[in-house]
Amino acid sequence: MSVHFDVLIVGAGLSGIGAGYHLQANCPDRSYAILEGRDCIGGTWDLFRYPGIRSDSDMYTLGYSFRPWTEPKAIADGPSILNYVRETARAYGIDKNIRFNHRVVRADWSSADSQWTVEVERGPEKTIERFTCSFLFMCSGYYKYEHGYTPDFPGIADFAGRVVHPQKWIDDIDYAAKKVVVIGSGATAVTLVPEMAKTAAHVTMLQRSPTYVVARPDEDKVANWLRARLPAKLAYGLTRWKNVLFGMYFYRLCKRDPERVKKLILGGVRHALGPDYDVATHFTPRYNPWDQRLCLVPNGDLFESLRNGRSSVVTDQIETFTRGGIKLKSGNVLDADIVVTATGLDLQVLGGLEINVDGARVDLSKTMNYKGLMYSGVPNLAAAFGYTNASWTLKCDLTCEYVCRMLNHMKANGYAQVTPRRNDPDVAELPWVDFSSGYIQRAAARFPKQGSRRPWRLYQNYALDIMTLRFGSLKDEAIEFLPARQASADAASNPARQVA
C-alpha cells in the first residue's frame, strides 16, 4: 500500500523548507510531505562542515522572502544559516511534514491515473517504500552528496599525509601546527585558507589558474541601521531590494564593460596586498568577470592572511604527489602534512532520480528547461534551481510562488495534468547554463538544455523573473493543461508519445 499526497517535495534543505512554507501559505487545502534522504534538516548547510564554512552571498538575498534575516552579519557562517533554516521549519510547523531517511530513487508517471508513484529507500536497510502524489516538486539541489569532484592526481597513493575533500570533512582532522596545501581557487578554497591559517604552521593555496576575488565587509551597515529604526520585515525588504538591484547593476556592468570591472577588482586586490605582490600571476584570471562566479572574502580575510605570511598562493600545475608533498611542473616542491582537494562538486540532475513517463525512461539531457523550473515532456514536475549570478533563494522563492499559482489554476479549472511541450521546431538548443566554470562544463552533457527564446530561455534576471513567474500568464504555446479524462484517453491512444 502506498500513501498519497497532493504534493511531494524532495529535499529538506534551504529550497525544500521554502517550498513547504509556500504550499502551506498559498495552497493550504493541498496535502504535502517532504522526503529527506538524510536524518536532519539543512541540506548543504548541514552536510558541509569544513573550517570557516559560510555563505558567499548576503543573507538578505539568500534568506527567505517571508522570514527576515535579523543577525548582524550579512555574510553568515554555516552554523548560523543552518539554524535559520531549522528555526524556519519549526516556526511554521514545516518540520512536522518531513519524513527523514527517505531517499527518493525513482518516480513513475501514469497519465491514466494522473499521478506519480515515487519509490524511496528508507533507512540504512534501504527498505523500499512507495508514495503516490499528484505533483512532484524536486528541491534536492544540484550536486551529489556522496562525494565531491577530485581529479586523478598522479602519485596520490604515495603521499604519506592525509588527503581530504571539503565535502567529506570530519571532526578528527587535526591541522594545528601542520603544513597544509589547499588545491583550488574557488569559493571553498578562499574560505578554507584564512581559517586554517589561524592554527596551521602554514597554508598554501595551490591553483592552476586564478579567480576574481573581491573583499566585502561581513556586516551591512545600511541593513543594521534600517533594522534598528524600522520594523524587521520592512527593513529586511528594503535591504533585500537594495542588494538585488546592486547585484543586477554590477552583473550588467561586468557584461557591458568587463575591462572597467576588471580594473576595479584588481585595483582592490593590489590595494589589499601592496605594490610588491604579484597580482598579475596569482589574482588575474584569463576570463572576464562573471564568466565564472566571483569569490567573496569577508573583511578581506584572505588578503590579511597572505600579508601576515600565514598563507601563500602558488599558481602552477601538479606533476605528481610525493611521499612528503606535491611536485609541481615548474620543478618546485610543496611540503605538506595535509592536502585539501577543494576541487569542486560533482553535479547531477534532480538528485540522480530515475524518471519514467508512462513506462518510458526519461533522459533529462534530451529535454528542454521550461521557465527554469519544468522539463519538456515531463508532466506535473517542477524543480527548484537558483541563480548562478545571484543568491540561490531568490529564484527558488519565485519558483515556489509559480508552482503554487499553477496548482491553484489547475484546481480551479479541473486540470489534472500540466506538461511543457516542445512544439516549435525553430527554438534552438543552448547549454543549460552559460558559465565556463569547470564543475559546470564537466556536467553540461548530462543536464537539460535551454532554448533560444521564451519560455525556454533562462535569463538569470530576478526582475524579469518576477514579471514572468509572479505576474505572468500561466498559459502559453508551450504548456499543455489536460483534465484527467482527456489525459487518460491520450495515454491510451498514444502510449509512445515522445517525452521531449
Side-chain angles (χ1 to χ4, degrees), residues 109 138 142-143 248 251-252 254-256 258 287-293 347-350 353 355-358 360-390 392 394-396 398-399 402-403 406 417-482 490 494 496-500:
W109 170 259
M138 300 298 297
Y142 61 104
Y143 65 90
M248 292 173 59
Y251 179 76
R252 292 190 64 183
C254 288
K255 295 301 182 181
R256 188 173 65 246
Y287 55 86
N288 288 327
W290 269 123
D291 286 352
Q292 299 181 20
R293 282 189 74 95
L347 305 195
Q348 63 180 1
V349 191
L350 301 186
L353 178 68
I355 295 180
N356 300 280
V357 172
D358 293 326
R361 180 77 176 264
V362 177
D363 181 351
L364 286 168
S365 70
K366 300 293 194 295
T367 67
M368 189 171 281
N369 196 303
Y370 176 82
K371 294 186 178 179
L373 55 95
M374 298 181 76
Y375 302 97
S376 58
V378 182
N380 291 34
L381 182 146
F385 198 96
Y387 292 115
T388 57
N389 65 346
W392 178 267
L394 291 173
K395 180 63 178 288
C396 291
L398 289 177
T399 296
Y402 183 88
V403 167
M406 188 164 59
Q417 181 171 316
V418 55
T419 313
R421 297 289 184 191
R422 289 177 62 178
N423 47 26
D424 184 351
D426 294 329
V427 176
E429 290 187 351
L430 299 173
W432 68 290
V433 173
D434 182 19
F435 236 34
S436 63
S437 301
Y439 72 101
I440 297 288
Q441 295 303 314
R442 286 193 302 270
R446 301 195 298 270
F447 272 72
K449 308 299 184 289
Q450 64 166 310
S452 54
R453 60 173 178 261
R454 295 181 186 179
W456 308 103
R457 188 70 186 269
L458 299 175
Y459 290 96
Q460 303 290 342
N461 184 305
Y462 180 62
L464 184 60
D465 282 341
I466 284 179
M467 300 307 297
T468 301
L469 301 180
R470 182 178 292 170
F471 301 114
S473 174
L474 291 168
K475 296 182 178 181
D476 58 46
E477 72 284 353
I479 200 78
E480 176 187 78
F481 289 97
L482 294 176
D490 285 358
N494 190 10
R497 185 172 186 177
Q498 290 186 356
V499 168

Pairing residues for [X] by the side-chain hydrogen bond (donor to acceptor under 3.5 Å, both in side chains) criterion, not counting sequence neighbours:
X    : answer
W109 : S111
S452 : none
D476 : Y370
Y462 : none

Return the set of residues passing side chain to side chain contact (heavy atoms under 4.5 Å, CB included) with [X] (not counting sequence neighbours), or none when no residue passes.
X    : value
N356 : R106, D108, E354, R361
N288 : P258, E259, D291
V418 : F135, M374, N380, M406, M410, I479, F481
A384 : S15, F137, C139, C396

Which atom names give the shortest non-hydrogen contact between [X] and [Y], and what distance separates them?
X    : Y    : value
L469 : Y402 : O-CD1, 3.5 Å
M368 : G451 : SD-CA, 3.7 Å
V403 : A382 : CG2-CB, 3.7 Å

Check: Can you check side chain to side chain contact (heavy atoms under 4.5 Å, CB included) on N369 and W456, steps first, answer last?
Finding: CA-CA 6 Å; N369 196 303; W456 308 103; 6.0 Å; no
Next item on the list: With side chain to side chain contact (heavy atoms under 4.5 Å, CB included) as the test, would you mind laying out the steps for R422 and V427 before giving the verdict?
Entry: CA-CA 8 Å; R422 289 177 62 178; V427 176; over 6 Å; no
Check: What distance do N389 atom CG and Y251 atom OH have between them, rounded to the nearest 0.5 Å?
Finding: 5.0 Å
Note to self: Quick check for you: to the nearest 0.5 Å, what is the distance between L353 atom CG and M138 atom CE?
What the structure shows: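 Rounded to the nearest 0.5 Å, the CG-CE separation comes out at 4.5 Å.
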Margin query: Among residues at least two apart in sequence or on other chains, which ones pass ring-ring contact (aromatic ring centres under 6.0 Å, His included) with F385?
Written below: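 Per chain and number, F385 pairs via ring-ring contact (aromatic ring centres under 6.0 Å, His included) with Y142, W392, W432.
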Between the main-chain N or O of [Y] and the side-chain N or O of [X], is there a donor-acceptor pair closer than 3.5 Å?
X    : Y    : result
Q450 : L458 : yes
K449 : S365 : yes
Q460 : T388 : yes

Check: Do R446 and Q348 pass the side chain to side chain contact (heavy atoms under 4.5 Å, CB included) test, and can you show the C-alpha distance, the side-chain angles, and the key distance before you say yes or no?
Finding: CA-CA 8 Å; R446 301 195 298 270; Q348 63 180 1; 5.6 Å; no
Next item on the list: Identify, with sequence neighbours excluded, every residue that meets salt bridge (charged side-chain N to carboxylate O under 4.0 Å, His left out) alongside R454.
Entry: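 With neighbours one apart ignored, the set is empty.
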Notebook entry, point to check: Partners of R470 by salt bridge (charged side-chain N to carboxylate O under 4.0 Å, His left out), sequence neighbours excluded?
Noted result: E401
Next item on the list: May I have all residue pairs that pass salt bridge (charged side-chain N to carboxylate O under 4.0 Å, His left out) and include part of residues 457-468, sequence neighbours excluded?
Entry: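 Salt bridge (charged side-chain N to carboxylate O under 4.0 Å, His left out) check on residues 457-468 returns K395-D465.
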[X] versus [Y]: any side-chain heavy-atom pair under 4.5 Å?
X    : Y    : result
L364 : F447 : no
P455 : E477 : yes
Y387 : N461 : no
N423 : E480 : no

Checklist line | Matching residue for V362 among V378, L381, L350 - test: side-chain contact (heavy atoms from CB on, under 4.5 Å) | finding: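 Answer after filtering V378, L381, L350: V378.
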Notebook entry, point to check: Any chance CZ of R252 has more than 12 other-residue heavy atoms, nucleotides or ligands included, within less than 6.0 Å?
Noted result: no
